2 protein chains.
Amino acid sequence: MKRTVLIFAALIAALLSLFQLSKYSYISGDSSIEMIIAVIAVVFLLIGLYINKRRNQGKKDPESLGIDHEKIKQLGLSSREYEVLQEISNGLSNREIASKLFVSESTIKTHVSNLLIKLDAKRRTQAIQIAKKYRILPE
Amino acid sequence: MKRTVLIFAALIAALLSLFQLSKYSYISGDSSIEMIIAVIAVVFLLIGLYINKRRNQGKKDPESLGIDHEKIKQLGLSSREYEVLQEISNGLSNREIASKLFVSESTIKTHVSNLLIKLDAKRRTQAIQIAKKYRILPE
DNA sequence: AGTAGTTTGGTACTTTAGTATGAGTACGCT
DNA sequence: AGCGTACTCATACTAAAGTACCAAACTACT
């Protein structure tokens with residue numbers, strides 16, 4: 001909501017400065033009012049576009065990146081298990097995960113087994129599907 | 001692109017009518033120019049907001065629902081292979097896919113092998129990841 | 001009718017995944 | 001100091017996945 005306040009403040013400031021500009025131009029005479037109006041129109045059009053762009057950027061991210069950390073705790077997944085889960089969904093084998101995390105393949109197998117129990121999955125592919133259903137993995 | 005043309009036409013029309021309005025107000029005298037400018041600002045701000053809203057409505061749907069059937073053809077995936085791919089991403093085992101499609105497990109293995117070659121994947125988990133990258137599977 | 005691709009299925013094999021069990025280390029908490 | 005939890009790793013095993021090769025039947029195309 002801070003952003004909205006700032007935007008409104010900027011809008012009011014812009015309006016006031018444009019009033020000043022219009023007065024100055026009015027004193028110095030003649031029919032350049034069209035130009036001023038055109039400039040104002042363009043400026044506020046751009047402001048409108050900018051505001052909406054900002055708003056939509058804010059909308060999209062929470063939907064796509066929203067990972068339910070609560071659910072992770074609820075399922076009792078440890079941080080290491082969660083790391084392994086992420087690598088599984090990246091399509092890595094146990095051996096590849098082991099070398100990436102600098103541990104033995106046995107360790108990864110242990111993590112995977114515990115992972116499958118906690119997610120109530122029979123296979124790693126099913127674990128991926130369930131994890132995405134729970135929104136604990138990005139889609 | 002038709003939409004863009006229409007919007008620009010509407011914009012120009014609005015500008016011209018506002019010019020007329022400003023001239024009329026100029027003749028009838030005094031310092032109500034501020035009001036006109038304010039109206040113009042608000043109107044164009046709203047126009048900017050409207051344009052961007054329109055644009056973003058068109059953007060969201062094709063991204064989430066779009067499955068690239070062209071890419072499937074391009075990769076040379078047969079319809080049966082694609083069915084198997086879908087079941088893999090649902091977390092099913094070869095045996096489960098076999099009974100779901102009423103064929104033998106050997107057949108599924110053959111399909112999976114061909115699938116992996118065509119997707120350039122080493123494992124079924126990697127195949128899922130690649131398929132989603134290519135947008136041939138829903139996320 | 002012949003050619004090409006798809007679907008189906010088999011055998012035999014290698015590799016990877018997953019289970020079960022035990023056990024040592026480390027860290028924080030009370 | 002003792003307790004629980006997480007992390008590590010090993011062995012031994014079973015199950016599933018994946019490879020290689022072959023082959024029959026069934027489209028569809030021209």
Side-chain angles (χ1 to χ4, degrees), chain A residues 67-134 136-137, chain B residues 67-134 136-137:
Chain A
I67 286 176
D68 195 344
H69 296 282
E70 267 313 307
K71 193 71 190 176
I72 296 174
K73 283 181 192 169
Q74 192 186 322
L75 292 168
L77 290 185
S78 73
S79 63
R80 209 55 164 167
E81 284 163 357
Y82 184 62
E83 280 184 271
V84 172
L85 176 60
Q86 287 176 314
E87 300 304 341
I88 285 176
S89 101
N90 285 333
L92 300 190
S93 68
N94 288 337
R95 194 166 297 164
E96 287 168 339
I97 298 171
S99 65
K100 191 167 183 180
L101 300 184
F102 304 107
V103 293
S104 78
E105 197 183 338
S106 302
T107 305
I108 300 301
K109 282 190 175 185
T110 306
H111 287 319
V112 173
S113 276
N114 295 328
L115 201 54
L116 295 180
I117 292 168
K118 290 176 182 177
L119 284 176
D120 193 28
K122 288 174 192 162
R123 283 163 292 283
R124 45 171 57 207
T125 49
Q126 201 181 2
I128 296 173
Q129 190 242 337
I130 292 171
K132 290 187 174 177
K133 193 187 72 186
Y134 284 156
I136 62 178
L137 276 182
Chain B
I67 285 180
D68 195 344
H69 297 281
E70 266 312 308
K71 193 72 190 177
I72 297 174
K73 284 181 191 169
Q74 191 186 323
L75 291 168
L77 290 185
S78 72
S79 62
R80 208 56 165 167
E81 285 162 356
Y82 184 62
E83 280 184 89
V84 172
L85 176 61
Q86 287 176 315
E87 300 303 341
I88 286 176
S89 101
N90 285 333
L92 300 191
S93 70
N94 288 337
R95 193 165 297 162
E96 286 169 340
I97 298 171
S99 65
K100 190 167 184 180
L101 300 184
F102 304 108
V103 293
S104 79
E105 197 183 337
S106 302
T107 305
I108 300 301
K109 282 190 176 186
T110 307
H111 287 320
V112 172
S113 275
N114 294 328
L115 201 54
L116 295 179
I117 293 169
K118 290 176 181 176
L119 284 176
D120 194 29
K122 287 174 191 162
R123 282 164 292 283
R124 45 172 55 210
T125 49
Q126 200 180 5
I128 295 173
Q129 190 241 338
I130 292 172
K132 290 186 174 177
K133 194 187 71 186
Y134 284 156
I136 61 179
L137 276 182

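Reminder, nothing fancy here: chain letters follow the sequence lines and each chain counts from 1. As the structure is a computational prediction, the values presented were derived from the model and not from experiment.
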Decide side chain to side chain donor-acceptor pair (under 3.5 Å) for A:Thr107 and A:Ser104; before the verdict, give the C-alpha distance in whole Å, the side-chain angles of both, and the deciding distance to 0.1 Å.
CA-CA 5 Å; A:Thr107 305; A:Ser104 78; 3.2 Å; yes
Rounded to the nearest 0.5 Å, how far does CD1 of A:Ile72 lie from OH of A:Tyr134?
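Separation between the atoms: 13.0 Å.
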Drop me the distance from A:Ser89's OG to A:Leu137's CG, to the nearest 0.5 angstrom.
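Spacing of OG (A:Ser89) from CG (A:Leu137) equals 4.5 Å.
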Carboxylate-amine/guanidinium proximity below 4.0 Å for B:Arg123 and A:Glu96:
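Judged by the 4.0 Å cut-off on N to carboxylate O distance, B:Arg123 and A:Glu96 do form a salt bridge.
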Note: A:Glu87-A:Arg124 ion pair, threshold 4.0 Å (strictly below)
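No, A:Glu87 and A:Arg124 are not salt-bridged.
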Quick check: does any side chain N or O of A:Asn90 sit under 3.5 Å from a backbone N or O of A:Leu92, one acting as donor and the other as acceptor?
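Flag not set: sc A:Asn90 to bb A:Leu92 has no pair under 3.5 Å.
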Treating B:Asp120 as the side-chain partner and B:Leu116 as the backbone partner, does any N or O pair qualify as donor plus acceptor under 3.5 Å?
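No: the side chain of B:Asp120 does not pair with the backbone of B:Leu116.
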Go along nucleotides 16-21 of chain C 5' to 3' and tag each nucleotide: B for a protein heavy atom under 4.0 Å from its base, S when only backbone or sugar atoms are that close, - otherwise.
SBBB--
Sequence neighbours left out, what passes side-chain contact (heavy atoms from CB on, under 4.5 Å) with B:Gln129? Give chain and number order.
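For B:Gln129 the side-chain contact (heavy atoms from CB on, under 4.5 Å) partners, ignoring immediate neighbours, are B:Gln126.
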Tell me, which of residues 69-84 of chain A have any heavy atom that sits under 4.0 Å from an atom in DNA chain D?
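Those residues whose heavy atoms fall under 4.0 Å from DNA chain D, taken from residues 69-84 of chain A in numerical order, are A:Ser78, A:Ser79, A:Arg80.
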Taking the side chain as C-beta and beyond, is there a heavy-atom pair between [X] and [Y] under 4.5 Å?
| X | Y | result |
| --- | --- | --- |
| A:Val103 | A:Arg80 | yes |
| A:Tyr82 | A:Ile67 | yes |
| A:Ile108 | A:Val112 | yes |

According to salt bridge (Lys or Arg N to Asp or Glu O under 4.0 Å), who are the partners of A:Lys118, at least two apart in sequence or on a separate chain?
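With neighbours one apart ignored, the set is A:Glu81.
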Reading DNA chain D 5' to 3', which nucleotide is the first, and which the last, to come under 4.0 Å of any heavy atom in chain B?
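So the contact region on DNA chain D extends D:dA16 to D:dT19.
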To check you understand the geometry: which heavy-atom pair defines the closest contact between B:Leu77 and B:Leu115, and what is its length?
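Heavy atoms of B:Leu77 and B:Leu115 come nearest at CD2-CD1, 3.6 Å.
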Quick one: B:Ile108 CD1 to C:dT6 C1', roughly how many Å, whole number?
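Interatomic distance, CD1 of B:Ile108 to C1' of C:dT6: 14 Å.
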Axial bend angle, the helix from C:dA1-D:dT30 to C:dT30-D:dA1: five-pair end segments, nearest 10°
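Overall, the helix from C:dA1-D:dT30 to C:dT30-D:dA1 bends by 50° from one end axis to the other.
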Residue-phosphate contact under 4.0 Å: B:Ser104 side-chain N/O, C:dT8 OP1/OP2
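Checking B:Ser104 against C:dT8: no side-chain N or O falls below 4.0 Å of OP1 or OP2.
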